[in-house]
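The next block holds one structure in the form of C-alpha cells; read it before the comments.
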Amino acid sequence: MKFTTRLLGAVAVSAMSLSALPAYAEGGTLVIASTQVPRHLNGAVQSGIATAVPSTQIFASPLRYDENWEPQPYLAESWTVAEDGLSVTLNLVKNATFHDGKPVTSEDVAFSIMTIKENHPFQTMFAPVSSIDTPDANTVVINLSQPHPALLLAMSPALAPILPKHIYGDGQDVKSHPANSAPIGSGPFMLEEFKAGEAIVLKKNPNFFIEGRPKLDEIIVNIIKDPSALLIAMENGDADIYPFMAGSQEIKRLEKVDTLEITSEGYAAVGPINWLAFNTASEKLSDVRVRQAIAYAVDRDFITKALHRGVSKPQRGPIIESSPFFDGSIPAYDTDLDKANALMAEAGYGDGMELTIDYIPGPKEQQQSVAEYLKSQLKKIGIELTVRAAPDFPTWAGRVGGHDFELSMDVVFNWGDPVIGVHRTYLSSNIRKGVIWSNTQSYSNARVDEILGAAAVELDMDKRRALYAEFQQIVAADLPIYWINATPYHTAFSKKLKNAPKGIWGTMHPMDMVEWAE
C-alpha cells in the first residue's frame, strides 16, 4: 500500500476526497481523524491518547472491559483472585499468536507486565507486583506484595499491551527499541505503515485469536494538524470518526452534519481533568497563600460557561466528579477577589509579583484561551502573568516534566482507578524530573503519602471512599493544583458505523467489533 494512492496526508485532506478512491472492499476501511502525534506505538512504555489508539489495535492485553466496568476475557480466558488478594492467576487462551506467527505464552505476559512496571510512567499500576510465576505456557500467576484492587483494570488494553519477549527481550532499552515504531503484537490489526506525524495504516490480522474478528479490513489513523481541515474531512466524509474532540465550536459544528452522530460516551475510564498546575518548588509558589489567592481569583464558571460555551463541566478536585470516589464537600474556591488580595498581602506580595504560565499547544479552547484569561484575571490581584507558548508538545512536556515552569495548564487523566491515574500526581515518591505526568508539581505531604498507600491496598469500597475523601480535603487545602473543568471529550462518527467505540475506553480499546452497515 502506498500513501500516495490510498492515504490522505494532513495537507491533502482538505483538497481531496476519499470518495474518489476505490470503494470499500469487503470489511471496509475505517479512517480515524486525529490531531495527536505519537512518538511511537508501544503503549507499554508510553501513556497518552496518541499512542494508545493504535497500540490497542496492534497489541492484545490480558483483559478487556465492557461498558459496565466489568472485566471480560481477552488473552486471558479466565482468571482467579486469591482470597487474601495477594495473587491473581491468569489462564491464557491457547490459540493466540503474534503477528509474526510465534505463539503468545505466559513468558510473554510475565515479561510484559514487568517491563511495564519498570518503564511505564504510571508507576503505581504494577508497583505491588513482586514476582510472576509461569508454571506452564498458558498459566500466569501474578504475586503481589500487598492487595491491589486496581490490578484487573490495569490489565486493560490501553495500559497493559502484551509484548513479544522474543523481540523486546534482546537486551536493548525498551523505551528506545526500534520495534516501538514497527511493533508486532497479537491484536486484531497489524501495522502496515507508520509515517511519523502523518499517518498510521493498520490491516486486518487474519490469524486473530477471536474467531470472526476483526470485522474491518483496515484502519487508518490520519493525523491532521490543521483543525479546520480536520472538520472539513469529517463534514465531507473524508474521515469516519473523530475521537477526543473537546472544542465547543467543533462539537457544535459537527452536530449539524446529518451523516454524523456526536456522543460524549466512551470516556468514563479516561476521567480527563483540565487544570492549572503550580510548581511548588518555586520560591513564589511554595507559599500556599499565593496558590490559594490565585484559586480565589479564578472564575471557574466563566471558563466553563463562556470560554467553553457550556460544553465543559466544572471540576473541583483531583478525582473526576463522575467517580464514586469524588468527595462533594471539597472546597470549591469560589471567586472572591477580596480574599485573594488579602492572601497576597499576607504572603508579602501586596505590591504584586511576576509569574509565567505555559500551556499545551494544540486545542486552543481548553489550554491557550484559559491561560490568556488567567493573564487578565490575575492582574486583579497584582500578578503580572507572562503567557509562554511552546512550538510543539515535546517542548511543553520538556519544560513541565523538567520542572522548568512556574504555572502550567495541563490535562491529566484519572485512568479509571485513582491508584492508576490520581496517585501519580500527588505521591512524593513520584517526583521524577524528566517524566511528564508524574508529580511535576514537586508536591510532598507525608499524610497524603500515607493515605494513598492505604487506599491502594484497601479492598473494602466504603473504606476506600473514606480514605480518598480525606485525601481530597488535604490536597484542596494544600492546593498544588487548581482544578478547573472536566475536559468535554466527544466523538463524532459516521451513522453508518456499527458498534462504534462507546465503551469506557472509547477508541483506546480494540475495535475488532466495529463494522460498516450494509
* Asked: Just by distance, do the side chain of R424 and the backbone of T124 share a donor-acceptor pair under 3.5 Å?
  -> no
* Asked: Passes side chain to side chain contact (heavy atoms under 4.5 Å, CB included), R388 versus R399? Steps please.
  -> CA-CA 11 Å; R388 181 170 62 163; R399 290 172 179 170; 3.4 Å; yes
* Flag side-chain contact, heavy atom, 4.5 Å: W79 against P62 -> no
* **For the student: nearest non-hydrogen atoms of N180 and K175, plus distance** => ND2-O, 3.3 Å
* S329 and Q473 side chains, donor-acceptor separation under 3.5 Å -> yes
* **Separation of I451 CD1 from H423 NE2 (nearest 0.5 Å)** => 10.5 Å
* Under 6.0 Å between the ring centres of F209 and Y74? -> yes
* Considering only heavy atoms from C-beta outward, does the side chain of V298 approach that of Y482 to under 4.5 Å? -> yes
* Please report the closest heavy-atom contact between F59 and P183, naming both atoms and the distance. => CZ-CB, 3.5 Å
* Asked: Looking at residues at least two apart in the chain, or sitting in another chain, which of them share a side chain to side chain donor-acceptor pair (under 3.5 Å) with E70?
  -> none
* Answer yes or no: is there a donor N or O on one side and an acceptor on the other, between the side chain of N439 and the main chain of N430, under 3.5 Å? => no
* Reported OH-to-CD1 distance for the pair Y426 and I481, which is rounded to 0.5 angstrom -> 3.5 Å
* Asked: If you measure from the Lys or Arg side-chain nitrogens to the Asp or Glu carboxylate oxygens, is any gap between E235 and R253 under 4.0 Å?
  -> yes
* Side-chain (Q315) to main-chain (G317) donor-acceptor, under 3.5 angstrom -> yes
* Is N414 reaching over with its side chain to a backbone N or O of I320, donor-acceptor style, under 3.5 angstrom? -> yes
* **Check: K495 side chain, D258 main-chain N or O, donor-acceptor pair, under 3.5 Å** => yes
* State the CD1-CD distance between I357 and Q368, to the nearest 0.5 angstrom. => 11.0 Å
* W483 backbone acceptor or donor facing R300 side chain under 3.5 Å -> yes
* Supply the atom-to-atom distance E406 CD to L385 CG, rounded to the nearest 0.5 angstrom. => 9.0 Å
* **Other residues, nucleotides, ligands: >12 heavy atoms within 6.0 Å of E255 CD** => yes
* Within the distance-only criterion (no hydrogens, no angle test), does the side chain of T440 pair as donor or acceptor with the backbone N or O of I436 below 3.5 angstrom? -> no
* To do: Side-chain contact test, heavy atoms from C-beta onward, threshold under 4.5 Å: evaluate it for H120 versus S47 and give yes or no.
  => yes
* Does F393 have any ring pair (Phe, Tyr, Trp, His ring centres under 6.0 Å) partners at least two apart in sequence or in another chain, and if so, which? -> W396, W437
* To do: Determine the sole option in Y267, Y65, W415, F413 for which the ring-ring contact (aromatic ring centres under 6.0 Å, His included) test with W505 is passed.
  => W415
* Structure fact -> Nearest heavy-atom contact between Q472 and D327 is OE1-N, 3.0 Å
* To do: Please say whether the positively charged group of R213, taken as NZ for Lys or CZ for Arg, lies over the ring of F208, i.e. under 6.0 angstrom from the six-membered ring centre and within 45 degrees of the axis.
  => no
* To do: Please report the shortest heavy-atom distance between Q57 and T507, naming the atom on each side.
  => NE2-O, 3.7 Å
* Do NZ/NE/NH1/NH2 and the carboxylate oxygens of D299 and K380 come within less than 4.0 Å? -> no
* Asked: Does F194 reach the side chain of P54, with side-chain heavy atoms less than 4.5 Å apart?
  -> no
* Asked: V370 versus H308: any side-chain heavy-atom pair under 4.5 Å?
  -> yes
* Asked: Does a sphere of radius 6.0 Å around NZ in K463 hold more than 12 heavy atoms from other residues, nucleotides or ligands, not counting ones at 6.0 Å or beyond?
  -> no
* Spacing of OG1 belonging to T491 relative to NZ belonging to K502, to within rounding of 0.5 Å -> 9.5 Å
* Going through the checks in order, is the side chain to side chain contact (heavy atoms under 4.5 Å, CB included) test met by V88 and H148? -> CA-CA 10 Å; V88 175; H148 187 38; over 6 Å; no
* **Minimum heavy-atom distance A246-Q366, with the two atoms named** => O-NE2, 4.0 Å
* To do: Take T263 and F493, measure what side chain to side chain contact (heavy atoms under 4.5 Å, CB included) needs, and give me the verdict at the end.
  => CA-CA 9 Å; T263 180; F493 62 91; 3.8 Å; yes
* To do: State whether the number of non-hydrogen atoms from other residues, nucleotides or ligands found under 6.0 Å of K117 atom NZ is greater than 12.
  => yes
* Closest heavy-atom contact between P161 and A44? -> CG-N, 3.3 Å
* Asked: Are the side chains of Q441 and R291 in touch, meaning some heavy atoms are under 4.5 Å apart?
  -> no
* **From CG (N222) to OG (S34), nearest 0.5 Å** => 9.0 Å
* Look at the side chain of N279 and the backbone N and O of F405, then say whether any donor-acceptor pair between them is shorter than 3.5 Å. => yes
* Taking the side chain as every heavy atom from C-beta outward, state whether L202 and E218 have any pair of such atoms under 4.5 Å apart. => no
* Any side-chain donor paired with an acceptor under 3.5 Å for S438 and Q123? -> no
* **Residues L191, I200; criterion side chain to side chain contact (heavy atoms under 4.5 Å, CB included); working and verdict** => CA-CA 8 Å; L191 180 68; I200 303 160; 3.8 Å; yes
* Below 4.5 Å, heavy atoms only, C-beta onward: do F302 and L307 meet side chain to side chain? -> yes
* Between S112 and L163, is there a donor-acceptor pair closer than 3.5 Å when you use the side chain of the first and the backbone of the second? -> yes
